[in-house]
Amino acid sequence: MSPLSRFRHLCRSRNMLEVFKLEAAKQISALSGISSETLIPMLEAPKNPENGDMAIAIPRLKLKGNPVQLAKEFAEKIQKNEFIVGATNAGPFLNLRISKTLQRDLLLKSVFEQGSTYGKCEIGQGKKVIVEFSSPNIAKPFHAGHLRSTIIGNFIANVHAANGYETITMNYLGDWGKQYGLLALGFGKYGSEDELLKDPIKHLFDIYVKINVDAESDATIHDQARSYFKRMEDGDAEVLSLWSRFRDLSIEKYKQIYARLNINFDVYSGESQVNEYMEKAYEMLEQKGLIEDSQGAKIIDLEKYKLGKVVVKKSDGTTLYITRDIGAALQRYETYKFDEMYYVVASQQDLHLKQLFKILDLLELGWAKKCYHISFGMVTGMSTRKGNVVFLDDILKEAQETMHSVMLKNENKYAQIEKPEEVADLVGISAVVVQDMSARRIKNYEFNMEQMVSFEGDTGPYLQYAHSRLSSIIRKADRKLDANIDLSTLSEPCALEVVDILAQYPDMVKNLMQGFEPCTVVHYSLKLSRALSACLEQLWVMNQPDHLALPRLVLYTAAKITLGNALRLVGLNPLDRM
Ligand code: ARG
């Protein structure tokens with residue numbers, strides 16, 4: 001009988017730390033009279049790992065008596081068993097030690113069996129969320145704010161999916177307004193069918209720039225644009241068909257670029273898609289008496305909430321960005337009945353979103369409180385060699401090229417890579433993404449191509465390298481592994497350290513729901529990669545006898561699974577060769 005068979009039922013648990021927490025909670029419950037369910041969330045990793053594996057602050061239990069005395073008494077009374085191997089107190093903290101060998105056996109087996117689902121949980125089961133992100137403007141540059149929204153938004157969607165939510169990804173394009181009248185005029189003057197088909201995003205942008213220059217010296221162009229846009233608003237089929245071609249072709253091109261980033265949008269919405277709901281929303285605002293007249297314009301006064309005055313209709317009757325957002329929110333709720341909705345938008349729009357949420361709240365829409373703004377800081381210094389105007393594919397191309405030249409520096413390795421251009425593309429993307437996620441979202445950062453493509457330091461290439469190194473060891477060993485391999489020789493501190501880190505993964509994924517900080521995952525992945533690198537130096541697989549090689553391979557496989565899952569969570573494609 002394998003030593004694990006007594007614990008077979010536990011191996012099915014998706015979160016091994018919880019198995020140990022439950023064992024600790026049972027004993028503390030018997031001593032304190034507080035239920036295990038209440039105690040489990042209070043069991044945390046001690047600030048100083050030397051104190052043990054889990055700790056509970058006795059004052060939090062609100063028991064009668066001196067907490068320090070109680071902590072001491074509990075420490076003495078805790079019974080050592082297969083799960084809990086030590087108990088001490090540090091002041092009012094009760095610190096517990098768990099059996100590292102049992103953890104190793106249970107955890108590696110469970111990761112091995114769960115594979116790509118390791119770390120997922122069901123807390124969001126039955127709930128639906130909309131994550132709106134990226135949302136560029138047609139015929140305008142895809143700037144750094146859009147890039148961050150794209151990267152962070154994809155992460156927010158992945159985190160929800162990993163926590164069991166039904167997740168709808170939505171792109172809300174800037175595709176309506178007078179500027180599209182201007183664009184259409186420009187197309188008449190400068191447009192080329194060939195260019196449009198080749199690269200609609202760039203061609204439309206070029207035209208837009210040219211017509212704006214023309215408009216500077218010819219004031220009638222703006223009037224023409226206004227009346228053209230009026231025809232669009234009135235639903236004139238001819239002008240709308242041109243506009244929807246621009247829109248469709250741009251979306252097609254965007255889809256290709258997003259695919260490179262592993263991103264898929266369930267819905268391409270946009271400011272142009274909300275007219276009907278916007279009118280509905282406007283009527284609701286009037287009925288609630290929220291609309292005031294101000295020199296011909298219609299406004300909502302939010303001074304009371306320190307949110308200023310919001311213009312919702314200009315004196316010429318045209319509506320605004322905010323008016324469209326109110327309509328869009330209504331449309332989304334009526335269409336999807338979401339439980340939560342996230343807007344992933346740069347901090348420049350903090351006020352805009354506060355105003356939007358307040359207005360929805362004043363409309364007494366119960367779901368207004370379920371709308372969240374995921375804000376983030378600015379990127380400075382993002383330009384490409386070609387200049388300051390940036391497009392997403394230019395950034396990706398430049399990252400790819402820079403990465404490629406870094407790879408070329410190591411000729412031997414380069415020669416072994418089957419498709420170096422593809423690898424350079426994926427590693428280049430990892431570099432951009434990891435740099436973006438290295439610090440808390442709200443921080444500004446400086447775009448630094450040199451730094452992000454380095455294989456040393458806290459970079460995307462370093463993480464990809466760690467993953468591909470594991471893949472290569474497993475591939476070269478070419479052994480059949482199963483979850484019942486005896487792991488008892490795997491007792492070195494560096495191996496048990498890796499096991500500890502792997503065990504934290506499910507809790508980390510769950511905790512991401514508080515705060516949604518992608519840097520948590522990046523830091524976790526770096527910590528795991530560093531611990532692994534220490535392990536790989538000491539614990540070899542090649543030319544080792546089976547009783548050593550096989551358990552090590554199980555460890556490396558579980559580590560590869562976990563690191564791969566973490567990288568996918570931030571939107572990366574983990575590489576097996578590079
Ligand atoms: N298109 C906008 C821009 O580029 C971002 C849209 C953000 N989402 C929203 N629902 N307002 O600034």
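Order of listing sets the numbers, starting from 1, for every ligand and every atom in it.
- Remark: ligand 1 atoms within the under-4.0 Å shell around heavy atoms of Y343 are 10 (N).
- In this structure, the ring of F265 has its center less than 6.0 angstrom from the ring center of Y268.
- In this structure, the protein non-hydrogen atom closest to atom 8 (N) of ligand 1 is E132 OE2, 2.8 Å.
- Looking at D325, V344, I138, it is D325 that brings a heavy atom closest to atom 9 (C) of ligand 1.
- Heavy-atom distances between Q349 and ligand 1 reach below 4.0 Å in at least one pair.
- What sits closest to atom 1 (N) of ligand 1 on the protein, heavy atoms only, is N137 OD1, 2.7 Å.
- Of the N and O atoms on the side chains of D325 and H352, at least one donor lies less than 3.5 Å from an acceptor on the other residue.
- Using modelled atom types and a 3.5 Å distance limit, the side chains of E238 and S241 yield no donor-acceptor pair.
- Across F376, Y372, F357, a single residue satisfies ring pair (Phe, Tyr, Trp, His ring centres under 6.0 Å) together with Y343, and that is F357.
- Looking at F133, F142, Y321, it is Y321 that brings a heavy atom closest to atom 6 (C) of ligand 1.
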Side-chain donor-acceptor contacts of residues 292-300 below 3.5 Å, not counting sequence neighbours, with atom names and distances?
from	atom 1	to	atom 2	distance (Å)
D293	OD1	G296	N	3.3
D293	OD2	K298	NZ	2.7

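- Listed by chain and residue number, E334 satisfy the side chain to side chain donor-acceptor pair (under 3.5 Å) test with K280 (two or more places apart in sequence, or in another chain).
- The ligand atoms of ligand 1 that sit less than 4.0 angstrom from a heavy atom of Y172 are 8 (N), 9 (C), 10 (N).
- What sits closest to atom 4 (O) of ligand 1 on the protein, heavy atoms only, is H146 NE2, 2.7 Å.
- Polar contact check, R332 against ligand 1: no nitrogen or oxygen pair lies under 3.5 Å apart.
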